[in-house]
Amino acid sequence: MFSPSDLLTIPLNEWVNSFVRDWLVPNFRPFFRSLQWPVTLVLNNLDAFLNAVPMLAFTAVLALVAWRTAGHRVAIFTAIALCFIDMIGLWPETMTTLSMVVTAVFFCTVIGIPLGIIAAGSDRFQMVLRPVLDIMQTIPSFVYLVPIVMLFGVGMVPGIIATIIFALPPIIRLTNLGIRNVRHDLIEAAQTFGSTRWQMLWDLQFPLALRTIMAGLNQTLMLALSMVVIAAMIGAGGLGLVVFTGLGRLDVGNATAGGVGIVLIAIILDRITQALGEQRQVRTTSLFATLKQLFSVSAPPVDRTERAG
Amino acid sequence: MKFKVSAKNIFKIFGTHPEEALRLLREGRSKEEIFAETGHTVGVQDTSFDVGEGQIFVVMGLSGSGKSTLVRMINGLIEPTSGQMLVDGVDVASCSAQELRRIRREKVAMVFQHFALFPHKTVAENAAYGLKIRGMAAAERRERAIAALAQVGLEAYADSYPDELSGGMQQRVGLARGLAAEPEVLLMDEPFSALDPLIRRDMQEELLELQRTMKKTIIFITHDLNEALTLGDKIAIMKDGRFVQIGTAEEIVDTPADDYVAAFTADIDRSRVFTAASVSVAPEALELSSATAQSAIQRMEELGRDALYIVDGENIAGLVTYRDLTASVRDNGGALRDAILSDFPKAGRSTELFELYPLAQSGLPIAVTNRKGRLEGIVPPEAVFAKLAGEQQPAA
């Protein structure tokens, strides 16, 4: 039977191999390595901090945040879930996973929100960006694990970089969507009074889009959590490593324990970020006020902390 | 007279290559032909107008007539394809971005059909928006925003959010936001169309009340001819992107330029459009000191009137009727003074016809006086009814 491959075979795999191995890696490895240092910096500090905070204090603070944002039920759930994690002996791993996820989400936010804003302002940029985001969301993460290892090596930071690639699209898409969906007559009103683009963005578009952006943040966070086990394959630690080792040794017990830890953390973070997006942002005067409000949540008076813990 | 806003041969064509459409338009093709041929929509074509300081200029047209496009060219939200839009002599269409921003911040404010209040800001913050954009300190702009809210009677709601207010109140906030910036020109794009009819009437009266003290130059867009006639010092009727007629309320109702305008004016309450001045005629009054009963009767016979006013210098002495006077002369050879009725119907120049109507029922001519009480003209009662009926006024 005739097939097109009788006429022509395309050695795509070899091309990619020679592109990555013979050109990208020798020429750009130092460049990619240097990209690591901000990630390393944030991760190390966060990891050290979270592992230094006593378990009960951390639980109290997170439960309080949950209470202030999502209500008392989520707060009680948070307290019980964190105690359970501690009791099954996975506290340090959980903190490592949390610092990884938070670092990844932090960089997704720092990269994603500006990109989303640019995309909202320029149809051309959006046209270019959209297929890139589609590829990022559909390509199996295993495919880019190998080049990441070649360029960045193994360890926590390459794991986080893989996580960033995987979790970045939603926050870009929803920032773009949120800003584009700000009512046209409000934009006109702002223009009418002589707003500059920056004033319009800061005072009007961003606060009004914040709800949608928070939904994007929530999705990014969930995607980042789902990468925990895969990132462990290239040397990331934490709960992902527990599951991964359990898988390798057919140790059902440990794999389950790690999995439960991931699920519990996911539920807590999901509820808190969802609640943030749903109620608070609609009515704050500016981004600054919103941040202040959030900040006042994470800096509670001491006696309250003890009560909630 | 110095014009605050002047449009000179404004064209606006929507589409990617407006030059071709503009050329066809100048050749005299219609809007439909151009759309069929080039796919371009003609928004506004060859429109010119001048608005004097302190005037209310109303642009009235149905949806799609280009009136919203026109008003958006005054503050540069839309750039005209061709023509000049002068605000205080500066061409908004061609000035730099900085200049345009300065004009928007200091000179021209706008009120929107659907209010366009910022939902995440309080009423006071909304009203202070223009001042914030200008960089005014928070305390001062709040003070001025509250003052603007007080003008529209909403200072008590300063710390509420827009969605807690009714539609009428929201539009008052929109108006306060426009006024707080102390602009010289206020653009109002169908500001009352989204409101209930009763509230709309209140808002119109409130706007006129405010305008009496503010004396802003207002360009007001509406699709409601009654609203246009109530508010406008000068009214333009717009159709298919061009002005069909510009004139005062009376001119538009009295002499519609074409059938299109006539169709609009057909069911207008004429008694609220026309004033005493529009139906008044020369008084032909006699001077009390020189006139006699005989000369008065003779004068009435000459003029074909059955009543005549008698003035005493600057003041109106009163009214004599033909019947009283002839009876008085027949009975006692009487003097003019005895026949004068001092209780006569009286109105100002700008009194509207619906107020003249009851006066006209007495059958006596109505004295039209100026502010000092001096007789300026008279309104024969039949002229009131003729005007209401829409007939050309007979040469009384």
Side-chain angles (χ1 to χ4, degrees), chain A residues 113 117 120-124 127 174-175 177-215 275-294 296, chain B residues 68 71-72 74-78 97-122 124-136 138 142 159-164 173-174 177-178 180-183 185-190 194:
Chain A
I113 290 181
I117 290 171
S122 154
D123 286 340
R124 189 170 297 173
M127 254 170 59
L174 283 154
T175 303
L177 182 75
I179 289 183
R180 279 177 187 264
N181 278 356
V182 173
R183 265 165 56 198
H184 180 68
D185 62 337
L186 298 184
I187 301 290
E188 260 192 345
Q191 282 178 332
T192 294
F193 287 97
S195 300
T196 58
R197 256 188 105 166
W198 185 246
Q199 284 173 322
M200 183 135 68
L201 180 67
W202 192 249
D203 209 28
L204 183 68
Q205 291 173 307
F206 202 85
L208 288 178
L210 205 50
R211 235 181 126 131
T212 316
I213 295 174
M214 287 305 285
L276 276 178
E278 271 165 18
Q279 25 165 311
R280 293 196 156 260
Q281 274 63 39
V282 192
R283 260 194 199 157
T284 42
T285 50
S286 66
L287 183 62
F288 177 69
T290 308
L291 293 177
K292 213 164 61 177
Q293 206 176 20
L294 289 182
S296 70
Chain B
S68 283
V71 77
R72 278 168 174 70
I74 299 173
N75 62 359
L77 287 178
I78 296 176
Q98 284 93 333
E99 180 72 9
L100 180 61
R101 204 174 297 134
R102 192 186 65 77
I103 289 173
R104 286 172 174 174
R105 286 183 180 185
E106 292 168 14
K107 289 208 170 138
V108 185
M110 190 160 171
V111 178
F112 292 84
Q113 181 176 7
H114 297 292
F115 324 134
L117 299 178
F118 304 125
H120 60 304
K121 291 174 180 288
T122 63
E125 284 165 343
N126 264 287
Y129 185 76
L131 304 170
K132 183 179 183 184
I133 290 303
R134 265 193 234 168
M136 187 182 280
R142 180 170 168 95
D159 296 313
S160 305
Y161 282 89
D163 62 3
E164 295 165 355
V173 178
R177 180 173 65 181
E182 292 185 357
V185 179
L186 194 57
L187 308 178
M188 305 186 81
D189 182 19
E190 299 207 35

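Naming: A, B, ... by sequence-line order, numbering from 1 per chain.
Annotation for B:L77 and A:Q191: closest pair CD2-OE1, 3.2 Å, computed over non-hydrogen atoms. Smallest separation of non-hydrogen atoms from B:H120 and A:L208: ND1-CD2, 3.5 Å. Residues A:L204 and B:F118 come closest through the heavy atom pair CD1-CD2, 3.2 Å. Taking all atoms of both residues into account, the shortest heavy-atom contact from B:G130 to A:F193 is CA-CD2, 3.7 Å. Scanning both residues, B:Y129 and A:S195, for their nearest heavy atoms gives OH-OG, 2.8 Å. Across A:A189 and B:R177, no two heavy atoms sit closer than the pair CB-NH2, 3.9 Å.
Residues A:D203 and B:K121 meet the side-chain proximity criterion, which asks for heavy atoms closer than 4.5 Å.
Of the two parts of B:L117, only the backbone, made up of N, CA, C and O, holds a non-hydrogen atom closer than 4.5 Å to a non-hydrogen atom of chain A. Neither the backbone nor the side chain of B:V111 comes within contact range of chain A; no heavy atoms are under 4.5 Å apart. Contacts of B:R102 with chain A are absent, with no heavy-atom separation under 4.5 Å from either backbone or side chain.
In summary, of the residues considered (B:R105, B:R104, B:M110), a side-chain contact (heavy atoms from CB on, under 4.5 Å) with A:T192 occurs for B:M110 alone.
If you tally non-hydrogen atom pairs under 4.5 Å between each of B:R72, B:R134, B:H114 and chain A, the highest count goes to B:R72.
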